[in-house]
Protein chains: 2
Amino acid sequence: MQYTETEEKIFSSALEAFAVHGKDGARMQDIANKAGINKALVHYYFRSKERLYEAVVTYVVERYIRNLSDSLQSETNFKQFLRSFITNYIDVLALNPLLPKFLIREIAAGAPIFKKKMEAMIRSSKGSMIQTYYKHFQEGIDQGEVRPLDPSQTFITIIGSCIFFFLAHPMFALLNPHIEKRFAKFTDERKSHLFDILYYGLQPRPELQK
Amino acid sequence: MQYTETEEKIFSSALEAFAVHGKDGARMQDIANKAGINKALVHYYFRSKERLYEAVVTYVVERYIRNLSDSLQSETNFKQFLRSFITNYIDVLALNPLLPKFLIREIAAGAPIFKKKMEAMIRSSKGSMIQTYYKHFQEGIDQGEVRPLDPSQTFITIIGSCIFFFLAHPMFALLNPHIEKRFAKFTDERKSHLFDILYYGLQPRPELQK
DNA sequence: GTCTATATCTCGATAGAC
DNA sequence: GTCTATCGAGATATAGAC
């Protein structure tokens, strides 16, 4: 799917407006202004606010999530997969801070559109990232590298501990201002922090712990 | 702070409306209907939608977050603190599924109100949950129970891995329908899952892992 | 405190010229 | 495709009776 320059401008303005103000709080006038065009033109392209919103969800899934998913196909074992997943995921979120805000609002609303798009994406890609994850996880268990845990529980934990920081960092800066002042550094440190906790938290434990 | 019966009814209707539809998507008419009163009465009590919204944020902080915080004061070491934190937190979220939706929308908007209330709460409580956390975490390090990690990073990871599931479970049900069909069971299992991963992920590692 | 009725206004959407 | 001008729905908020 290829978009015209004007469409791209509308998408990025709309993504920002929806992320910051929510679907209902966003104003078509603001979206048009930020895109440098007239409000009527936004309607000309997308007919209604609802359709524009749906188009933005699709845009986000196709542009960001599919890429993320594809980038993980080549990993060969669980340890590598986990490290790449965390690194790539955090890089994408750090570069596109509007993404998690936008998506979490859709999810809080029950994810009516996002769910459909993700279902389609999972079905369409021959081997989606999720299947790759399950495969490597099971291999890890078989080879004694990972404890026999519920892979769904683990998947949620991995994703959540990556994303949540980008949603809530303004809150956490209340306890540690360093988080905002040296955001890039803290974000980078987050990669190894998460890998260490998760990878070693998943490893089998010879019964030496109290 | 004590509220009248009518105020309580308005709060719970408003919390639901704001959580499901967002601040701008929520309708004063719906809030009044669900509370079983007239729309004008909502304005009589709270003057405007904006003020009602602020009051709901305050209500949530006072009613839910402060309690959660207080319940952790009595724990005596890091291991116990971590286990109680995860258990209590997940219990509260499971019982009040609107809370995370409501709060995450406020946070996505930059948390203008929530931040202020939390600052006040942290200042006011003699020993807040957060201070208790830092104390136990440092003790854990001193006693060789925990690796010398950044406590802020760890705090974010703990909170995020608890909350995120409650925000995103409708999405994860796409890969494992069991999550929705046996929600209570999955939620309960989540407690030990998280404790195991986090506690053992934080432990020192005698260099026997590959 | 609680209601009905109404004022006011914002915003999504369209008509129609260019 | 792009603009100006405008309509009309629907929402917040208030006035005023009880």
Side-chain angles (χ1 to χ4, degrees), chain A residues 1-60 98 101-102 105-106 108-110 112-113, chain B residues 1-60 98 101-102 105-106 108-110 112-113:
Chain A
M1 200 88 67
Q2 196 63 18
Y3 299 112
T4 69
E5 202 186 327
T6 309
E7 282 170 327
E8 284 275 1
K9 275 191 292 186
I10 297 175
F11 276 135
S12 70
S13 315
L15 176 59
E16 176 171 350
F18 288 136
V20 175
H21 300 107
K23 182 159 82 172
D24 295 283
R27 296 290 161 245
M28 295 298 271
Q29 185 65 62
D30 294 347
I31 293 172
N33 290 348
K34 181 145 293 191
I37 57 171
N38 191 275
K39 185 174 60 150
L41 200 54
V42 182
H43 280 92
Y44 171 80
Y45 275 102
F46 294 97
R47 187 138 195 100
S48 72
K49 193 186 190 182
E50 187 62 34
R51 280 167 190 264
L52 171 58
Y53 179 78
E54 291 175 25
V56 175
V57 175
T58 309
Y59 174 80
V60 164
L98 297 171
K101 289 185 209 295
F102 175 78
R105 292 190 115 117
E106 160 75 3
I113 327 270
Chain B
M1 201 88 66
Q2 197 62 19
Y3 299 113
T4 70
E5 203 185 326
T6 308
E7 282 169 327
E8 284 275 1
K9 275 192 293 187
I10 297 175
F11 277 135
S12 70
S13 317
L15 177 59
E16 177 171 350
F18 287 137
V20 176
H21 300 107
K23 183 159 80 172
D24 295 282
R27 296 289 161 245
M28 294 298 270
Q29 184 66 63
D30 293 348
I31 293 171
N33 290 349
K34 180 145 293 190
I37 57 170
N38 191 274
K39 186 175 57 149
L41 200 55
V42 183
H43 280 93
Y44 171 79
Y45 275 102
F46 294 97
R47 187 136 195 100
S48 72
K49 193 186 190 181
E50 187 61 35
R51 280 167 190 262
L52 171 59
Y53 179 78
E54 291 176 24
V56 175
V57 175
T58 309
Y59 174 81
V60 163
L98 297 171
K101 289 187 209 294
F102 175 77
R105 293 187 115 119
E106 161 75 2
I113 326 272

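In what follows, chains are A, B, ... by sequence order, proteins preceding strands, each numbered from 1. The structure displayed is predicted, hence computed values, not measured ones.
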Give the rounded distance in Å between these two atoms: CZ of B/R51 and P of D/dA13.
-> 10 Å

Do B/F11 and B/F18 make the cut of ring centroids closer than 6.0 angstrom?
-> no

To the nearest angstrom, the CD-P distance between B/Q29 and C/dC3 comes to 12 Å

Are any of B/H43's side-chain N or O atoms less than 4.0 Å away from OP1 or OP2 of D/dT14?
-> no

Sugar-phosphate only, base, or nothing, as touched by B/A32 at under 4.0 Å among non-hydrogen atoms | nothing

Look at atom NZ of A/K34 and say whether more than 12 heavy atoms of other residues, nucleotides or ligands are closer to it than 6.0 Å.
-> no

Take atom CG of A/N33 and atom P of C/dC11, then tell me their distance rounded to the nearest Å.
-> 12 Å

Length of the line joining A/E50:CD and C/dC11:P, which is rounded to integer Å = 18 Å

Would you say the side chains of B/Y53 and B/E106 form a donor-acceptor pair under 3.5 Å?
-> yes

Taken to the nearest whole Å, NZ/A/K39 to C1'/D/dA5 is 10 Å

Kindly compute the distance separating OH (B/Y45) from OG1 (B/T6), expressed to the nearest 0.5 Å.
-> 4.0 Å

Whole angstrom value for the distance that separates P of C/dA17 from CG of A/N38 | 17 Å

Which whole-number value in Å describes the distance from B/K49 NZ to D/dT14 P?
-> 14 Å

Can you check the A/M28 CE to C/dG12 P distance for me, whole Å?
-> 7 Å

Return the nearest nucleotide to the side chain of A/R47; candidates are C/dT14, C/dG12, D/dG1.
-> C/dT14

Could you check A/Y44 against A/R27 and say which one's nearest nucleotide on DNA chain C is further toward the 5' end?
-> A/R27

Choosing from D/dT14, D/dG1, C/dA15, which nucleotide comes nearest the side chain of A/A40?
-> C/dA15

